[in-house]
Amino acid sequence: MCPHAPITHDLHSVTAALQTLGMDAEDLPRVSGLIFNRFLELLDIAEQQIRATDLEHARATMHILRGCMVNTLFPEVYEEIEQLRGAVLCQAWQEAEQQLLQVRLVFAPIQAVMGHWLEQKGVTSGRSP
């Protein structure tokens, strides 16, 4: 996906995914904030693991990013996460660093929208893109 391509992500996809899990409407902003912040933390953790060429932990982090976060809540970054995961599994660490940057670029518009929405709901969100 081109980093300049329009992002079709809207907040309803995150809240709809959580509602299918039985999430109460009043808890959606708080839980969305927790998940959103965790996604950002996982990207930071992945970066540290990639720089340390830590295959075992990076592989586990890729599994969480792909399975829990991207498949359910942030499908817009699926392709980039898959490419990042492939680079990690091949231990192509320089390529993995580049792919991680690409994930961050594609996620930046989502991060901005989610961060603004969470602020409006009074929930502390992750740092600015």
Side-chain angles (χ1 to χ4, degrees):
M1 172 184 278
C2 173
H4 304 292
I7 299 294
T8 58
H9 181 83
D10 66 296
L11 299 170
H12 299 293
S13 63
V14 173
T15 56
L18 291 172
Q19 285 175 325
T20 62
L21 299 173
M23 185 63 53
D24 205 9
E26 62 191 43
D27 290 331
L28 285 175
R30 183 181 55 78
V31 174
S32 296
L34 290 171
I35 292 169
F36 175 69
N37 288 327
R38 184 62 180 151
F39 184 80
L40 296 174
E41 289 169 5
L42 286 168
L43 292 180
D44 291 341
I45 290 167
E47 182 174 8
Q48 293 169 3
Q49 293 165 339
I50 288 166
R51 287 187 176 164
T53 65
D54 183 349
L55 177 61
E56 181 182 345
H57 290 106
R59 184 181 340 182
T61 301
M62 293 302 104
H63 179 73
I64 295 167
L65 281 169
R66 186 182 70 160
C68 299
M69 300 293 183
V70 174
N71 284 338
T72 305
L73 299 170
F74 304 117
E76 296 82 0
V77 295
Y78 180 83
E79 186 176 315
E80 288 75 15
I81 291 289
E82 274 298 300
Q83 291 174 10
L84 173 59
R85 181 178 168 271
V88 166
L89 294 178
C90 291
Q91 299 181 53
W93 301 113
Q94 285 184 323
E95 181 184 339
E97 285 189 46
Q98 292 302 310
Q99 280 306 128
L100 183 59
L101 289 174
Q102 189 65 24
V103 169
R104 290 183 190 278
L105 280 173
V106 173
F107 190 69
I110 299 167
Q111 184 177 352
V113 169
M114 286 287 298
H116 180 70
W117 179 74
L118 290 169
E119 266 183 39
Q120 288 179 328
K121 298 293 183 180
V123 176
T124 304
S125 64
R127 63 199 175 276
S128 300

On the 0 to 90° scale, with breaks at 30° and 60°, tag the Phe107-Phe74 ring pair as parallel, tilted or perpendicular.
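Taking Phe74 first and then Phe107, their aromatic rings stand perpendicular (interplane angle over 60°).
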Taking all non-hydrogen atoms of both residues into account, name the closest pair between [X] and [Y] and its distance.
{"X": "Val106", "Y": "Val77", "answer": "CG1-CG1, 3.6 Å"}
{"X": "Ala96", "Y": "Leu84", "answer": "O-CD1, 3.2 Å"}
{"X": "Leu118", "Y": "Pro29", "answer": "CD2-O, 3.4 Å"}
{"X": "Gly115", "Y": "Phe36", "answer": "N-CZ, 4.2 Å"}

By salt bridge (Lys or Arg N to Asp or Glu O under 4.0 Å), which residues pair with Arg38, not counting sequence neighbours?
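In terms of salt bridge (Lys or Arg N to Asp or Glu O under 4.0 Å), with neighbours along the sequence ignored, Arg38 is linked to Glu41.
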Just wondering, more than 12 heavy atoms not from Gln120 lying within 6.0 Å of its CD?
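Yes, because the 6.0 Å sphere around CD of Gln120 holds more than 12 heavy atoms from other groups.
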Side chain to side chain contact (heavy atoms under 4.5 Å, CB included) evaluation trace for Phe39 with Val70
CA-CA 9 Å; Phe39 184 80; Val70 174; 4.2 Å; yes
Would you give the length of the straight line joining atom [atom1] of [X] to atom [atom2] of [Y], rounded to the nearest 0.5 angstrom?
{"X": "Arg30", "Y": "Ile35", "atom1": "CZ", "atom2": "CD1", "result": "10.0 Å"}
{"X": "Ile110", "Y": "Met114", "atom1": "CD1", "atom2": "CE", "result": "9.0 Å"}
{"X": "His57", "Y": "Gln49", "atom1": "NE2", "atom2": "CD", "result": "7.0 Å"}
{"X": "Glu82", "Y": "Met62", "atom1": "CD", "atom2": "CE", "result": "10.5 Å"}
{"X": "Ile45", "Y": "Ile50", "atom1": "CD1", "atom2": "CD1", "result": "12.0 Å"}
{"X": "Ile81", "Y": "Arg66", "atom1": "CD1", "atom2": "CZ", "result": "10.5 Å"}

Compare all side-chain heavy atoms of Leu43 with those of Leu65 and state whether any distance is below 4.5 angstrom.
yes
Answer yes or no: is there a side-chain heavy-atom contact under 4.5 Å between Val88 and Arg85?
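Answer no - side chains too far apart.
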Of all residues at least two apart in sequence or in a different chain, which pass the side-chain hydrogen bond (donor to acceptor under 3.5 Å, both in side chains) check with His63?
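Counting only residues at least two positions away or on another chain, His63 forms no side-chain hydrogen bond (donor to acceptor under 3.5 Å, both in side chains).
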Inter- and intrachain pairs under side-chain hydrogen bond (donor to acceptor under 3.5 Å, both in side chains), touching residues 91-100, at least two apart
Gln83-Gln99
